[in-house]
Asks: 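Below are the structure tokens for one structure; questions will follow.
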Amino acid sequence: MSNHTHHPFHLVDMSPWPLTASIGALTMTSGLSYWFHYHSPYLLSLGLLIVIISSYQWWRDISREGTYQGLHSEPVITNLRWGMILFIVSEVFFFVSFFWAFFHASLAPSIEIGTLWPPMGIAAFNPFQVPLLNTAILLASGVSITWSHHALMNKNHSQAVQALMITILLGIYFTAIQAYEYKEAPFSIADAVYGSTFFVATGFHGLHVLIGTTFLSVCLYRMINFHFSSKHHFGFEAAAWYWHFVDVVWLFLYISIYWWGS
């Protein structure tokens with residue numbers, strides 16, 4: 001088949017990575033269930049390993065297409081932008097469902113939980129302690145990712161790398177603080193509707209922080225290797241959009257669940 005095309009779009013080549021990543025995801029979910037029931041993490045670890053290897057190879061191929069092969073033309077980048085926008089919109093509605101559940105339960109508490117919010121016997125977190133610290137961490141990371149983006153557009157490579165490293169470190173710090181918060185929590189996910197809505201909403205946000213930190217780490221590797229220019233850096237821009245989305249979701253979580261809901 002000829003590689004010469006008469007259109008500006010990129011028709012992707014056949015790749016095994018979507019298939020292997022799907023197999024890894026299936027193995028992970030099966031392994032998670034097996035771990036819950038039989039306390040054996042080996043199948044889960046195998047699935048996680050398959051996903052990590054598949055992701056690495058898949059991201060490597062996409063980086064080569066956009067950086068070295070010149071396949072990410074302007075129309076392709078425009079479509080990638082719309083794809084990322086629609087993905088973030090889908091994520092917005094994903095979190096809307098959690099907020100809906102929270103406000104449905106909290107605005108009119110049922111008699112089963114004592115017509116109180118938080119329910120009787122639940123000691124909620126003080127919003128001005130650890131949650132406020134995590135809010136400051138994420139807001140600071142939003143500032144540093146914007147700094148990195150502006151430095152990249154102004155061709156200041158060293159500042160762009162430094163600011164992106166700060167953002168990644170702040171993301172890791174946030175995750176560590178949230179893990180400590182979960183460990184010290186005076187209630188569990190089994191403690192009525194408050195525990196389930198709290199841990200599901202904040203837990204999925206924590207998962208998104210981990211995904212965003214991984215996204216930014218890949219961008220850091222590419223930035224160090226000069227894959228991005230001041231005019232051709234959509235991979236980094238998409239990561240920045242995603243990180244700002246994570247920041248905004250946390251602000252809503254903090255205001256509604258930690259502050260108002262306590």
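Predicted model, so just to flag it, every value in this text is computed and none were measured.
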Asks: Please give me the minimum heavy-atom distance between Trp117 and Pro109, naming the atom from each residue.
Replies: CB-CG, 4.0 Å
Asks: Is a donor on one side and an acceptor on the other found under 3.5 Å between the side chain of Glu65 and the backbone of Val12?
Replies: no
Asks: Counting N and O atoms only, with roles assigned by atom type, does the side chain of Thr214 sit under 3.5 Å from a partner on the main chain of Leu210, one being a donor and the other an acceptor?
Replies: yes
Asks: Are Val92 and Phe99 linked, directly or through other ILVMFWY residues, by side chains that come within less than 4.5 angstrom of each other?
Replies: yes
Asks: Under a single-linkage definition using a 4.5 Å side-chain heavy-atom cutoff for Ile, Leu, Val, Met, Phe, Trp and Tyr, are Ile53 and Leu26 assigned to the same hydrophobic cluster?
Replies: no
Asks: Can you tell me how far OG of Ser148 sits from CG of Asn156, rounded to the nearest 0.5 angstrom?
Replies: 10.0 Å
Asks: Is a donor on one side and an acceptor on the other found under 3.5 Å between the side chain of Ser141 and the backbone of Leu138?
Replies: yes
Asks: Taking a hydrophobic cluster as the set of Ile, Leu, Val, Met, Phe, Trp and Tyr residues connected by side-chain heavy atoms closer than 4.5 Å, whether directly or through intermediates, do Trp82 and Val76 fall within one such cluster?
Replies: yes
Asks: Is the closest side-chain donor-acceptor distance between Ser63 and Asp61 under 3.5 Å?
Replies: no
Asks: Quick one: pull up OG1 in Thr213 and CD1 in Ile172 and give me the separation to the nearest 0.5 Å.
Replies: 6.5 Å
Asks: Establish, from distance only, whether the side-chain atoms of His232 and His72 form a donor-acceptor pair under 3.5 Å.
Replies: no
Asks: Atom OH of residue position Tyr56 - does it have more than 12 heavy atoms of other residues, nucleotides or ligands inside 6.0 Å?
Replies: no
Asks: Check Ser54 against Trp17 and note the closest heavy-atom contact, atom names and distance.
Replies: O-CB, 4.1 Å
Asks: Is the number of heavy atoms from other residues, nucleotides or ligands under 6.0 Å of Met165 CE greater than 12?
Replies: no
Asks: Over all heavy atoms of both residues, which pair between Ala201 and Leu253 is shortest? Give the atoms and the distance, please.
Replies: CB-CD2, 3.8 Å
Asks: Just wondering, more than 12 heavy atoms not from Trp147 lying within 6.0 Å of its CH2?
Replies: yes
Asks: Does Ile111 offer a backbone N or O that forms a donor-acceptor pair with the side chain of Thr115 under 3.5 Å?
Replies: no
Asks: Any donor and acceptor pair, going by atom type alone, linking the side chain of Ser97 with main-chain N or O of Phe94 inside 3.5 Å?
Replies: yes
Asks: Above 12 or not: heavy atoms from other molecules or residues under 6.0 Å from CZ of Phe234?
Replies: yes
Asks: If you take the centroid of each ring, where Trp contributes its six-membered ring, are Phe187 and Phe198 closer together than 6.0 Å?
Replies: yes
Asks: Can you measure from CD1 (Ile211) to NE2 (His208) and round to the nearest 0.5 angstrom?
Replies: 5.5 Å
Asks: How many angstroms lie between atom CG of Asn134 and atom OH of Tyr258, to the nearest 0.5 angstrom?
Replies: 7.0 Å
Asks: Tell me if the aromatic rings of His205 and Phe98 count as close, with their centers under 6.0 Å from one another.
Replies: no
Asks: What closest approach, in Å, do Leu44 and Met28 show between heavy atoms, and which atom pair accounts for it?
Replies: CD1-O, 3.5 Å
Asks: Are there over 12 heavy-atom neighbours, none belonging to Tyr180, within less than 6.0 Å of that residue's OH?
Replies: no
Asks: Within the distance-only criterion (no hydrogens, no angle test), does the side chain of Ser33 pair as donor or acceptor with the backbone N or O of Thr29 below 3.5 angstrom?
Replies: no
Asks: Could you tell me whether the side chain of Ser230 and the main chain of Lys155 form a donor-acceptor pair under 3.5 Å?
Replies: no
Asks: Indicate whether any N or O donor in one side chain lies under 3.5 Å from an N or O acceptor in the other, for Thr202 and Tyr182.
Replies: yes
Asks: Could you report the tightest heavy-atom contact between Thr167 and Ser144, atom names first, then the distance?
Replies: OG1-OG, 2.6 Å
Asks: Is it true that Phe215 and Trp241 have ring centroids separated by less than 6.0 Å?
Replies: no
Asks: Can you tell me how far CD1 of Ile257 sits from CZ of Phe252, rounded to the nearest 0.5 angstrom?
Replies: 12.5 Å
Asks: Is the count of non-hydrogen atoms from other residues, nucleotides or ligands lying under 6.0 Å from Trp100 atom CH2 greater than 12?
Replies: no
Asks: Taking His227 for its side chain and Met223 for its backbone only, find out whether a donor-acceptor pair lies under 3.5 Å.
Replies: no
Asks: To the nearest 0.5 Å, how far apart are CD in Gln159 and CG in Leu152?
Replies: 11.5 Å
Asks: Just by distance, do the side chain of Thr197 and the backbone of Tyr194 share a donor-acceptor pair under 3.5 Å?
Replies: yes
Asks: Determine the minimum heavy-atom distance between Pro41 and Trp35, stating which atoms define it.
Replies: N-CD1, 4.0 Å
Asks: Using the ring centroid of each side chain, check whether Phe236 and Trp243 are separated by less than 6.0 Å.
Replies: no
